[in-house]
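Heads up, the thing below is written out as structure tokens.
For this chain, numbers begin at 1 and follow the sequence in order. As the structure lists them, so they are numbered: ligands from 1, and atoms in each ligand from 1.
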Amino acid sequence: MLKKLLEEKVFKDPVHHSIYVQDLTIWKLINTPEFQRLRRIRQLGTSYLTFHGAEHSRFSHSLGVYEITRKIISQFERNGYSDWPQEEKLVSLCASLLHDVGHGPFSHSLEQIFDTDHEQWTCEIILGDTGVNRVLREVDPQFPARVAAVIRKKYEKPIVVSLVSSQLDADRMDYLLRDAYFTGVNYGTFDLDRILRVLRPYQGKIVVKDSGMHAVEDYLMSRYQMYWQIYFHPVTRSSEIILRQIFRRASELYRTGYEFAFMLPPIRALLAGNIALEQYIKLDEAMVQTTFGQWSEERDELLSDLCRRFLNRQLYKYVPLNPEDQSWLEEVRQEWQQIGLNPEYHLEVDTPMDSPYDVYKPGTLPDAKEKPPILLLDEQEQLTEISVKSDIIQSIAGLHRGKYYIYYPEDKVLPHVHKLRSETRKKLSI
Ligand code: NI
């Protein structure tokens, strides 16, 4: 039974103008401590160090994903499409709202260091002893498990999963528009209203009416642009490298019994590699940055230097690296040692292809990982994969281009630059 609010609630939003909440369950979920915590986690991690406007939170993104899902379902309901299972509305809305609730501070960088997984934490928050779980259980004792199944992409009705997680889903549509808005860039926009009008539930999938192909082309091009211009921006990568190094160094120190002058329990549990749900939901970016502020005065030179760099945006310099010719890297490592630098920390090779973000490239992933392609539905009720009909999408589908850079602290190298081989100086353009 869907319990409605006596009066709908409206959130003002820069991307969708207004976000409407009519269900009591959604309203209660928004007001749980676990969901409110998303206000203190930025949607784009360290991107604010590159694009100063990118301070938007996972809270606003999560509300946006909920709103897009609500609009899609409402379009299906208004048109009376029989392929849409109406009883799945609440589970779809809850899963969209909660899909990122397990993200930790700077989560993509931290996940690499601590081998955690935000999707796993999302499910633990939904199923564990939390405010979110209590609200979901009020619907039905089995309801939390149903929402978690959607998050894990194991829900019995795939159409519900594809609303929240597919090549054309509410999550991506919101983050592309939101990230473009807050970074202040001109690309990344597409006609969301048009896309929402041409989506159709069809044989257990969500497909696109073929007249909407050009709107979807715009959406995929905007993804392509956003990945290379925003998400993989080399300055952002530089700040992520420093962030990862801080946690790598802190973990090393922790393991060797170093006594930190400042340590909060959730951070200690993270470093110890045994953080439990109760501590995890206390982590936020304010806590991490407070910790870095304190650690910038730690006795360990390496840790304090990295923390100062992160807080004061003294990032590493980057130069492109030819992936075919990495032979000189080993020599640079030796030169680094000779001038007193630590190559483990002061020389990083980065290839944005490693990034946790994925791009649209059908046929390049093992079957289990592949997301279903975007399908166009024509008047004869035939389905065609979009890159077959669209030249534009054909040209970007399956692209697997990476970029290689090396990163290093130029300020530490410069005083010793005369000791470097001229070859190295030339490659590093110093
Ligand atoms: Ni998301």
Determine, for Lys3 against Asp23, whether the closest basic-nitrogen to carboxylate-oxygen distance falls under 4.0 angstrom. no
Axial cation check for Tyr345 ring with Arg248, 6.0 Å and 45° limits: yes
Is it the case that atom CG in Asn186 sees more than 12 heavy atoms from other parts of the structure closer than 6.0 Å? no
Looking at Arg70 and Glu67, is any side-chain nitrogen of the basic one under 4.0 Å from a carboxylate oxygen of the acidic one? yes
Hey, which protein N/O/S atoms does the Ni ion (ligand 1) have under 2.8 Å? His61 NE2, His99 NE2, Asp100 OD2, Asp171 OD1
Can you label the angle between the His118 ring and the His103 ring as parallel, tilted or perpendicular, going by 30° and 60°? parallel
I need the Met173 CE to Ser222 OG distance, nearest 0.5 Å. 11.0 Å
